[in-house]
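Contents: one structure, followed by commentary.
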Amino acid sequence: MIQTKYTGRKRIAMMASRNPKSEAVYEQLFKGLKEAGFILTSKQPDIVISIGGDGMLLSAFHKYEHLLNTVRFVGVHTGHLGFYTDYRDYDVEELIENLKMDTGAKISYPVLRVILQLKNGEKLVYRALNEATLKRFSKTMVADVMINQVHFEQFRGDGLSISTPTGSTAYNKSLGGAVLHPTIEAMQLAEIASLNNRVYRTLGSSVVVPKKDKIAILPKHNDRYSLSVDNKTYVFDNIEAVGFQIDQAKIHFLATPKHTSFWERVKDAFIGDVES
């Protein structure tokens, strides 16, 4: 749900998930921002407000990823868990006041660049905020893994996932990967149910790869594969290789007094308050 209205000052786009609480927050924000004199528009915004959860923010990221160098994001959380969101549904007035005092400050996180090479010569490029995952549809996936043009291993298993530092707390963590602070500009390679026995051997643990290096996955069989990029999934029959690297562009979040530190987010999401 995106609505356009012109008044003056900064240009703000809003995107909301389709549930009553998010829609109510949208209407409250729309009214308050309009009265404050902001330009409410989906075109060329300076700030994008995501209302919902992390899935909604991922959708906002992909809608405006062509504007990463100029746009900043801020999330309003209306569900059970919002790792990327700074505000709750009851913080609308505080968000509006902070937007009035905004000086352009931002907090920036790395983004993953995914380069898909097909056997017919076609090349497709994607960006991921959390992770990209390659899997084979029908059988065990067999693929050569290259790190900076060095043959690292021949993988056999369900698939491989490459995550950003912020994405290290998502699918990567469930695969046994490490949690990386987003100021560490690196990507993490994690195996999905790898086969390890006397015949087939892989490292069996996640690998953290620095910003300057590149990862390439070369599937060994002509078959149908799925490439998931955050919350989107694509299907291909003729993959030659998939390359991964840290993108030159970053995602920028609005830096306000409400911004939550990374370690606070990790604690709130996975540990909570524990009685001593």
Side-chain angles (χ1 to χ4, degrees), residues 1-109 111 127 129-130 166 169 182 230-231 249-269 272:
M1 179 170 62
I2 301 177
Q3 195 166 350
T4 302
K5 189 74 176 178
Y6 297 95
T7 55
R9 292 178 60 189
K10 282 191 178 70
R11 301 168 67 87
I12 296 180
M14 292 194 296
M15 295 179 62
S17 56
R18 295 185 179 278
N19 65 66
K21 183 178 287 188
S22 295
E23 291 175 353
V25 170
Y26 180 96
E27 296 300 329
Q28 186 182 356
L29 260 175
F30 182 86
K31 181 180 179 182
L33 292 171
K34 179 182 176 182
E35 292 175 352
F38 291 97
I39 300 172
L40 303 183
T41 176
S42 61
K43 297 180 180 179
Q44 301 294 318
D46 302 304
I47 296 169
V48 174
I49 301 176
S50 164
I51 305 168
D54 287 344
M56 193 68 244
L57 195 137
L58 286 173
S59 296
F61 164 77
H62 286 290
K63 179 177 178 62
Y64 292 103
E65 65 178 272
H66 62 293
L67 299 176
L68 286 184
N69 291 329
T70 58
V71 72
R72 291 175 295 153
F73 295 83
V74 61
V76 180
H77 163 42
T78 61
H80 298 292
L81 178 65
F83 201 86
Y84 285 114
T85 54
D86 286 324
Y87 293 84
R88 294 294 304 270
D89 53 300
Y90 47 76
D91 293 326
V92 170
E93 294 299 327
E94 184 178 2
L95 172 57
I96 293 172
E97 290 303 312
N98 286 339
L99 286 169
K100 289 179 184 178
M101 299 183 291
D102 175 51
T103 61
K106 59 189 178 184
I107 295 171
S108 304
Y109 295 158
V111 170
R127 282 189 175 122
L129 178 57
N130 273 353
T166 46
T169 59
D230 288 334
N231 54 359
K250 294 183 177 182
I251 184 171
H252 305 295
F253 288 94
L254 196 74
T256 73
K258 193 73 173 180
H259 185 76
T260 309
S261 78
F262 178 76
W263 296 121
E264 286 181 290
R265 293 172 191 265
V266 172
K267 179 179 182 294
D268 289 343

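Treat the numbers as computed from the prediction; the structure is a model and nothing was measured. All residue numbers refer to positions in the sequence shown, counting from 1.
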Does the D230 side chain pair with the main chain of L129, one donor and one acceptor, at a distance under 3.5 Å? yes
Can you find a side-chain donor-acceptor pair between T256 and Y87 that sits under 3.5 Å? yes
How long is the span from the CZ atom in R127 to the CD atom in E65, to the nearest 0.5 Å? 6.0 Å
Which atoms form the tightest heavy-atom contact between G52 and S22, and what is the distance? CA-OG, 3.8 Å
By the definition side chain to side chain contact (heavy atoms under 4.5 Å, CB included), identify the one residue from L67, I39, L40 that meets it with P45. L67
Closest contact, heavy atoms only, I251 versus V111: N-CG2, 3.6 Å
Under the side chain to side chain contact (heavy atoms under 4.5 Å, CB included) test against L254, which residue among D102, V48, I49, N98 passes? D102
Under the criterion side chain to side chain contact (heavy atoms under 4.5 Å, CB included), which of D86, T85, D91, D54 is the partner of H77? T85
K250 atom NZ, over 12 foreign heavy atoms within 6.0 Å: yes
Worked verdict on I12 versus L99 for side chain to side chain contact (heavy atoms under 4.5 Å, CB included): CA-CA 10 Å; I12 296 180; L99 286 169; 4.1 Å; yes
Using 30° and 60° as the class boundaries, would you call the ring planes of Y109 and F253 parallel, tilted or perpendicular? tilted
Rounded to the nearest 0.5 Å, what separates atom NZ in K43 from atom CZ in R11? 9.0 Å
Any side-chain heavy atom of S108 sitting closer than 4.5 Å to one from H252? yes
Could you give the distance from CG (L29) to CD (E93), rounded to the nearest 0.5 Å? 8.5 Å
Looking only at heavy atoms, which two atoms of A249 and N69 are closest? And how far apart? CB-OD1, 4.0 Å
Kindly indicate whether the side chain of T78, heavy atoms from C-beta on, has any atom under 4.5 Å from the side chain of Y26. no
CZ (F262) and NZ (K267) are apart, to the nearest 0.5 Å, by 14.5 Å
Do F73 and Y64 have side-chain heavy atoms sitting under 4.5 Å apart? yes
Note, I96 side chain near L33 side chain (heavy atom, < 4.5 Å): yes
Separation between CZ (F61) and CG (N231), nearest 0.5 Å, reads 10.5 Å
When rounded to the nearest 0.5 Å, the distance separating CG of D89 from NZ of K21 is 4.5 Å
Hey, is E97 close enough to K100 for a salt bridge, meaning N to O under 4.0 Å? yes
